[in-house]
Amino acid sequence: MSKEEEFQKLYEEWRRKTEELIAKFPERKEEFLTSSGIPVELLYLPDQLDQDYVERLGFPGQYPFTRGIHPTMYRARQWTMRQYAGFGSAEETNKRFHYLLQQGQTGLSVAFDLPTQIGYDSDDPMARGEVGKVGVAIDSLEDMETLLAGIPLDKVSTSMTINAPASILLAMYIAVAEKQGVPSQKLSGTIQNDILKEYIARGTYIFPPQPSMRLITDIFAYCAEHVPKWNTISISGYHIREAGATAVQELAFMMANAISYVEAALEAGLDIDQFAPRLAFFFNAHNHFFEEIAKFRAGRRIWAKLMKERFGAKKEKSWQLRFHTQTGGSTLTAQQPDNNIVRVTIQALSAVLGGTQSLHTNSRDEALALPTEESARIALRTQQIIAYESGVGDTVDPLGGSYYVEALTDKIEEEVYRYLEKIEQLGGAVKAIEQGYVQREIHKAAYEAQQRVESGEDIIVGLNKFQIDDEPQPEILRVDPKLGEKQKEKLNRLRANRNAAKVEQTLTRLREGARGTENLMPLILDAVRAYATIGEICNVLRQEFGEYQG
Amino acid sequence: METIRVLIAKPGLDGHDRGALVIAQALRDQGMEVIYTGLRQSPEQIVASAIQEDVDCIGLSCLSGAHNELFPEVVRLLQEQGADDMLVIGGGVIPAEDIPYLESQGIARVFTPGTPTKDIADFIRFALKERKGEQQVAPPKKIAHIGIAVKSIEEALPFYQQQLGLPLEGIETVESEQVRVAFLKAGETRLELLESLSPDGPIAKYIANKGEGIHHLALEVEDIEDRLKQLKENGVQLIHEQPKEGAHAAQIAFLHPKATGGVLLELCQYAQETEGD
């Protein structure tokens with residue numbers, strides 16, 4: 001058989017499998033047409049398939065997944081529209097969730113306040129001024145019950161931005177589901193659970209790296225058995241980018257962290273094909289449209305190669321980089337905030353053209369405060385317009401084969417490998433972070449970017465060019481300043497009414513567990529069920545593990 | 001001058017320190033000594049560090065919305081400990097409506113996203129000098145003249161001489177600027193009528209774009225070279241970095257209208273006192 005015939009055969013095989021898949025899971029429409037009535041094909045290919053094409057791009061849903069992880073992508077199902085939301089009390093956030101679901105959002109994404117994310121109760125002195133500010137305040141299972149009231153947890157998937165205390169919040173979620181009569185096997189969602197990027201970019205760490213890695217692998221192991229549909233980590237380039245990294249650095253450092261998680265899990269004795277399919281990724285999308293698209297495509301190819309060739313994963317699912325994207329918060333300007341709607345549109349479009357599985361579009365007022373309900377709605381509508389009006393999802397990987405996009409994809413891949421080699425030389429991501437290497441690279445990029453803006457080399461509309469005088473200030477959302485007090489009262493009532501002996505007993509068990517090597521998830525789950533607070537649980541772990549000093 | 005010492009601090013739990021780090025670096029590049037506290041500092045810790053490090057200025061950065069509680073607390077603790085001569089500035093995601101409150105609580109200035117880092121450095125220098133009661137910059141002596149672009153001196157002169165009664169001091173040609181100028185004395189200042197010598201001269205272009213009218217304001221200063229040096233160091237956009245010869249044998253230099261709020265400003269220094277010559 002000639003090479004040409006061989007490639008043709010590969011394609012025919014893919015075509016046949018895809019048709020079988022479509023028979024089982026039909027596409028959104030019988031026929032996709034442009035506005036002029038021109039039929040849109042599922043996939044466009046070069047006239048002549050060659051070795052280079054097959055190796056570098058392949059077919060969608062096939063190794064190395066450059067063109068997407070599903071053969072039909074958005075032809076079958078739109079991406080999940082998952083807006084990150086949460087502020088104030090559990091009651092208020094619950095209302096916002098119901099509103100967003102009613103507006104057509106298809107998944108929840110919970111923002112927790114900083115005390116919750118750093119494992120402090122709302123009445124802790126460290127929580128002063130922060131309760132309910134950047135997310136919802138959750139102190140105990142009681143708050144979680146309120147947060148999720150009336151939301152069917154077997155039907156909605158939930159993403160939780162929680163890292164250091166991820167096991168506690170996941171335990172609360174499981175406990176609420178139990179009360180709703182939903183077994184944990186049916187739960188789907190994601191916990192961010194990516195501690196390494198906290199040390200380098202986001203700052204909401206609690207424990208030192210080693211025990212933090214243990215908590216993560218405990219979650220991997222527990223979920224593989226008990227919560228099989230849960231994404232046990234979302235390895236985040238997002239915050240790395242927000243801290244000032246370039247697109248290449250975002251991808252490189254997230255990949256370096258991902259390698260560390262895989263290695264930690266392997267060292268803990270887990271089977272790669274059991275946990276790898278539950279690893280998810282979280283990207284940023286900034287304004288440089290084509291570079292962003294190329295970044296997503298390169299990311300898929302790099303991950304597939306790493307998993308198959310380096311870690312020897314056997315399952316196709318283990319090779320697939322599945323990701324959520326959020327548009328770039330730091331690209332938004334406080335000046336002329338409505339312009340941010342346009343920035344978000346461009347960024348969201350790059351994520352869709354790059355093949356994201358779910359998407360959060362930022363609100364126009366986020367450089368000023370948390371989004372108002374109106375801004376949050378416009379942000380969601382932006383995705384809906386891309387999904388339902390633009391037709392960009394009517395063919396798979398529409399930019400595949402673009403000379404420019406393919407060249408950028410290759411170049412980004414190459415530069416990412418260069419960083420990965422450097423980090424390997426330093427002894428891996430944890431070591432590179434401990435030595436401050438990654439942080440320094442990011443800060444250098446951030447400073448250079450600022451200088452380019454100040455010199456006018458980089459133009460930011462409304463900020464260093466096209467400014468207007470006397471800008472009207474938009475309405476912004478304000479969190480009830482009394483919330484801290486209310487939350488404290490609630491906490492006091494809880495402490496008075498719960499079974500104190502039971503709390504004490506579960507915390508003691510947790511302490512013993514932390515000293516040994518057993519999986520901590522079941523112990524945390526018991527403490528949560530007894531209404532131990534997040535501060536109480538974290539304090540036990542702080543005493544046993546110590547605190548990380550940034 | 002002594003080196004300015006600045007403490008950059010992150011009060012509260014917010015871990016986003018890109019802005020704080022960029023500003024710390026920028027202030028260092030501006031010649032200041034900068035100490036960065038790291039994340040999650042309580043107001044008590046920040047004030048203790050500031051006193052211990054004997055800084056001139058504290059920069060607080062917060063993106064989580066806790067600023068209204070945490071920033072004023074820093075100022076209060078400074079007062080309590082008798083260290084309220086320290087300048088406190090703030091930045092981060094801070095809604096415009098909170099700024100008057102923060103300023104009323106003793107935060108000298110709040111810088112929101114998009115502020116050029118140089119503006120922050122300039123503000124710190126300015127405010128610290130002001131606190132010490134130091135004169136910032138000596139004012140110019142007076143308005144030396146107001147330059148008015150005209151198509152023809154001969155056509156314009158009769159109005160100023162006959163209708164306003166301004167005495168003509170003289171007419172001279174400044175080849176370097178391709179102009180002919182007429183000086184009319186008006187009290188302690190002068191009006192300067194400018195006529196282009198060639199159709200491509202700066203005055204001809206000015207008239208083509210904007211029509212006849214006020215072209216520039218000239219301020220008389222003591223030491224023009226020193227002024228230009230200072231302005232340049234402070235990043236003020238200049239048209240001439242070195243003084244050149246102008247009319248009346250004066251040393252002159254123009255500042256860019258971008259730096260002055262849209263007015264073309266000339267600095268000039270005369271060889272001797274201009275009164276009564």
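First the proteins, then the strands, lettered A, B, ... as listed; each starts at 1.
To the nearest 0.5 Å, the span separating CD on B:Q25 from NZ on A:K444 amounts to 11.5 Å. Annotation: the span from B:R40 atom CZ to A:Y120 atom OH amounts to 6.0 Å, rounded to 0.5 Å. Taken to the nearest 0.5 Å, the CG atom of B:D17 stands 10.0 Å off from the CD atom of A:Q439.
Of the atoms belonging to A:A367, it is backbone heavy atoms, and not side-chain ones, that fall under 4.5 Å from chain B. Contact of B:D14 with chain A is made through backbone and side chain together, with heavy-atom distances under 4.5 Å. Of the two parts of B:S64, the backbone and the side chain both hold a non-hydrogen atom closer than 4.5 Å to a non-hydrogen atom of chain A. When heavy atoms are compared at a cutoff of 4.5 Å, A:L368 approaches chain B solely by way of its backbone atoms N, CA, C and O. Interface residue B:T115: only backbone heavy atoms are found under 4.5 Å from chain A. For A:E242, the part sitting under 4.5 Å from any heavy atom of chain B is the backbone (N, CA, C, O) and nothing else. When heavy atoms are compared at a cutoff of 4.5 Å, A:P115 approaches chain B by way of both its backbone and its side chain. Proximity to chain A is absent for every atom of B:Q41, based on heavy atoms less than 4.5 angstrom apart.
Across all non-hydrogen atoms, the minimal contact from A:K133 to B:A66 is NZ-CA, 4.2 Å. What you find for B:G114 and A:L463 is that their closest heavy atoms are CA-CD1, 3.5 Å.
Top candidate by heavy-atom pairs under 4.5 Å with chain B, chosen from A:V131, A:D365, A:V134, A:D113, is A:V134. Chain A forms more heavy-atom pairs under 4.5 Å with one residue of B:P11, B:G19, B:G15 than with any other, namely B:G15. Of the listed residues B:E44, B:H16, B:K118, the one with more heavy-atom pairs under 4.5 angstrom with chain A than any other is B:E44. Ranked by heavy-atom pairs shorter than 4.5 Å toward chain B, the options A:A369, A:A334, A:G244 are led by A:G244.
Heavy atoms from other residues, nucleotides or ligands lying under 6.0 Å from CD1 of B:I239 number more than 12. No more than 12 heavy atoms of other residues, nucleotides or ligands lie within 6.0 Å of CD in A:E475, so this atom counts as exposed by the packing criterion.
The side-chain heavy atoms of A:Y447 and B:T117, taken from C-beta on, include no pair separated by under 4.5 Å.
Each of A:R128, A:Q117, A:E130 was scored for a side-chain contact (heavy atoms from CB on, under 4.5 Å) with B:L13, with one residue passing: A:E130.
Within the 3.5 Å criterion, the main-chain N or O of A:I442 finds no donor-acceptor partner in the side chain of B:R18. Between the side chain of A:Q335 and the main chain of B:P113, a donor-acceptor pair closer than 3.5 Å is present.
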